Amino acid sequence: MIKREKVKELLLSEPGQEVLAKGWVRTKRGNKNVMFIALNDGSTISNIQIVVDVPVFDEDMLKEITTGASIRVTGKLVKSQGQGQSVEIVARELEVYGTCDPEKYPLQKKGHSMEFLREIAHLRPRTNTFGAVLRIRHAMAFAIHKYFNDRGFYYLHTPIVTGSDAEGAGEMFRVTTLDLDNVPKKADGSIDYSEDFFGKETNLTVSGQLEGELGALSLGEIYTFGPTFRAENSNTPRHLAEFWMIEPEMAFYDINDNMDLAEDLTKFLIRYALDNCSEDLEFLNRMIDKGLIERLHFITDNDFVRTTYTEAVKILEKAGRKWEFPVSWGNDLKAEHERYLVEEHFKRPVMLTDYPMGIKAFYMKQNDDGKTVRGLDVLFPRIGEIIGGSQREEIYEKLEGRIKELGIPEEDLWWYLETRKFGSVPHSGFGLGFERLILFVTGMSNIRDVIPFPRTPGSAEF
RNA sequence: UCCUCAGUAGCUCAGUUGGUUAGAGCGUCGGACUGUUAAUCCGUAGGUCGAAGGUUCGAGUCCUUCCUGGGGAGCCA
């Protein structure tokens, strides 16, 4: 019995041996005498060609070999007579595992629109584009763990269900086992969460940061990498209701250490893709985004710009153009401003720091000027904000003061505040949007096409 | 959520100032071709024109509402 080999391995094997391959038929063509099957098993973007001497095989069985059908083939691996592939399999035995009605199977040899493929998310991984994207997504996930593991960071599992609604990053999804048709009420008419599963109000997490900080303040350097949820009614090619985020938190890092890590990590990940996903990237570069590989090299080969919010505002004021949203110190930068800085002024990734306190979260380290905080946004071409982070406020009084000013329920954060009482240290961290990274690395234009099963407002099929 | 564009065959689209039986390419199916590469060539089938109202002698085409999708904006990763 011959061992089954994956297409990826077969394509690199020496011709001459008997082989066994299994996979899905991409295309079939030929005539009465000879038939060619392009077989793919997901292991690589390339197909292996099966050559079939038609008269030798059962006609009805061959008719079942249609686009999308799954088959097993044994035969001799030989040097290809044709162009386009170095080796091919001359079939000796063929078996159809699962037929695939060509009248009903939605995938064709020709290209489909991304919008159509989104409607058949259960089948789209069988296309070249989605195969490439999902293999790269896997490689990036692996590279993230490798990067942090190699540098002594610990992978910390922060909770998905959170009892705190003070994570400060947008609308949350309620988690409850209460009977929604008969919700228990308190005397004053409000919902009685004491009868709920956790005995309190709970939600899906919008960020693992606060728990991540607890990890950093004990293990030193940690990272989280998991799903996060935002119940925002955001309908854009850059937002998902369920997305994955990488959140490192590091004790004894100031804002500059934080920036060093952010730049080094993103460059490492992009370099990893270039080194390990070249076939898939070449396909995407050819079919999806002609400037992709050049752009990736540009990122790894150049320093990111580091400047402050205040400097950025000055640049924008001097840009000599009309903004839809006026630029003035104290207002947050809008997409048009960020795009100008990254794509026109600096023409490379930009790291902005020291934002006005009023537009950033409560936990950011307050600067001595009393006006700004040590927030950090990393802006990428095409994507916009790919990373958001900060040095964290480690001084108890300042942190508590900010919480009070903003009216955040302090009792929900007692455990977070205690870290500032018991051996508090300067520390920093950031959140990297995984899908936004994948968007950049693959050249895809819609975030719904870089996650296998996207969740967006009004859409949770599959 | 706001602005904007779109929805016609399985897919991608065309369809004139409102006018008879609604078109193409690809795909499917049938046929031709001894080695194809998104094969090629000949032929076939395939449509409640997103939904509901309305205007009109007559609506794919005009109007209203709704649904779905794209792009832009806001919110953010």
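Letters A, B, ... mirror the listed sequences (proteins, then strands); counts begin at 1. Fair warning: this is a prediction, and the values are worked out from it, not measured in the lab. Because only heavy atoms are used, hydrogens play no part in the values below, and waters and symmetry mates are left out as well, while side chains stay in.
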query: With a 6.0 Å cut-off on ring centres, are A:Tyr253 and A:Phe430 close enough?
result: no

C1' atoms of B:G25 and B:A14, separation to the nearest Å: 11 Å

query: Taking the P atom of each, how far is B:U68 from B:A32, in whole Å?
result: 49 Å

task: Take atom C1' in B:U40 and the same atom in B:U34, then report the distance between them in whole Å.
output: 15 Å

query: On RNA chain B, nearest-nucleotide positions of A:Tyr105 versus A:Glu338: which is more 5'?
result: A:Tyr105

task: Examine A:Tyr355 together with A:Tyr309 and report whether their ring centres are nearer than 6.0 Å.
output: yes

field: A:Lys267 with A:Asp303: basic N within carboxylate O range, under 4.0 Å
entry: yes

Report each atom pair, protein N/O against N/O of nucleotides 27-35 of chain B, whose distance is under 3.5 angstrom.
residue	atom	partner	partner atom	Å
B:U28	O2'	A:Glu103	OE1	3.2
B:U28	O2'	A:Glu103	OE2	2.7
B:A32	OP1	A:Lys32	NZ	3.2
B:C33	N4	A:Gly30	O	3.3
B:G35	OP1	A:Asn31	ND2	2.9
B:G35	O6	A:Gln81	NE2	2.7
B:G35	N1	A:Glu88	OE2	2.9
B:G35	N2	A:Glu88	OE1	2.7
B:G35	N2	A:Glu88	OE2	2.9

- request: Let me know the distance between NE2 of A:His112 and P of B:G70, rounded to the nearest Å.
  value: 18 Å

- prompt: Is a side-chain donor-acceptor pair under 3.5 Å present for A:Asn33 with A:Asp53?
  reply: no

- request: List the steps and the verdict of ring-ring contact (aromatic ring centres under 6.0 Å, His included) for A:Tyr340 and A:Phe346.
  value: CA-CA 8 Å; A:Tyr340 174 83; A:Phe346 290 117; 9.0 Å; no

statement: Note: for A:Ser445 and A:Asp377 on RNA chain B, the residue whose nearest nucleotide lies more 5' is A:Ser445

field: Nearest-angstrom distance, P atom, B:G74 to B:G54
entry: 42 Å

task: Answer with base, sugar-phosphate or nothing: what part of the nucleic acid does A:Ala38 contact at a heavy-atom distance below 4.0 Å?
output: nothing

field: Whole angstrom value for the distance that separates P of B:G7 from CD of A:Glu115
entry: 13 Å

query: Is the gap between the ring centers of A:His145 and A:Tyr223 under 6.0 Å?
result: yes

field: Test: A:Asp41 and A:Lys8 ion pair at under 4.0 Å
entry: no

Pair A:Arg382 + A:Asp289: basic N to acidic O under 4.0 Å: yes

message: Regarding A:Thr236, tell me which of base, sugar-phosphate or nothing describes its non-hydrogen contacts under 4.0 Å with the strands shown.
response: base

- line: Rounded to the nearest 0.5 Å, the NE2 atom of A:His345 sits from the NE2 atom of A:His337 at a distance of 14.5 Å

- prompt: For A:Phe430 and B:C76, what is the distance between atoms CZ and P respectively, to the nearest whole Å?
  reply: 20 Å

query: Counting only side-chain N and O atoms of A:Arg118, is one of them less than 4.0 Å from OP1 or OP2 of B:G70?
result: yes

- request: Can you tell me, in whole Å, how much space there is between the P of B:G19 and that of B:G58?
  value: 15 Å

Gap between atoms CZ and C1', on A:Arg26 and B:A38 respectively (whole Å): 13 Å

task: Write down the distance between CG (A:Asn235) and P (B:C3), rounded to a whole number of angstrom.
output: 14 Å

- prompt: Is the A:Phe225-A:Tyr155 ring centre distance short of 6.0 angstrom?
  reply: no

statement: Intra- and inter-strand pairing of RNA chain B, written as dot-bracket with Watson-Crick and G-U pairs under 3.5 Å and | for the latter, reads (((((((..((((.....[...))))..((((.......))))......(((((..]....))))))))))))....

query: Among residues 242-251 of chain A, which contact RNA chain B at a heavy-atom distance under 4.0 Å?
result: A:Phe243, A:Met245

- prompt: Taking OP1 and OP2 of B:C76, is either one under 4.0 Å from a side-chain nitrogen or oxygen of A:Ser234?
  reply: no

task: Establish, yes or no, whether the cationic atom of A:Arg436 lies under 6.0 Å from the six-membered ring centre of A:Phe243 and within 45° of the ring axis.
output: no

Atom C1', compared across B:U56 and B:C63: separation rounded to whole Å: 12 Å

- prompt: In whole angstrom, what separates A:Gln83's CD from B:U37's P?
  reply: 11 Å

Between B:G23 and B:G69 - C1' atom distance, rounded Å: 24 Å

field: Atom pair NE2 (A:His138) and CG (A:Asp280), whose distance is rounded to the nearest 0.5 Å
entry: 11.0 Å

query: Roughly how far apart are A:Asp449 CG and A:Thr129 OG1, rounded to 0.5 Å?
result: 9.5 Å

message: Counting the atoms with a prime plus P, OP1 and OP2 as sugar-phosphate, which does A:Phe434 contact under 4.0 Å by heavy atoms, base, sugar-phosphate, or nothing?
response: nothing

- prompt: What nucleic acid atoms does A:Lys104 come within less than 4.0 Å of, heavy atoms only: base, sugar-phosphate, or nothing?
  reply: nothing

- request: Verify the contact: side-chain N or O of A:Arg29 to OP1 or OP2 of B:A39, cut-off strictly under 4.0 Å; return yes or no.
  value: yes

Nearest-angstrom distance, P atom, B:U36 to B:A73: 49 Å

task: Let me know the distance between CD1 of A:Ile120 and P of B:U68, rounded to the nearest Å.
output: 20 Å

query: Side chain of A:Arg436: nearest nucleotide among B:C76, B:A73, B:C75?
result: B:C76

task: Specify the separation, in whole Å, of atom CZ of A:Arg339 and atom P of B:G71.
output: 14 Å

- request: State, to 0.1 Å, how close A:Glu324 and A:Pro326 come at their nearest heavy-atom pair, and which atoms those are.
  value: O-CD, 3.9 Å

message: Within the 4.0 Å heavy-atom criterion, would you say A:Ile387 contacts the bases, only the backbone, or no part of the nucleic acid?
response: sugar-phosphate

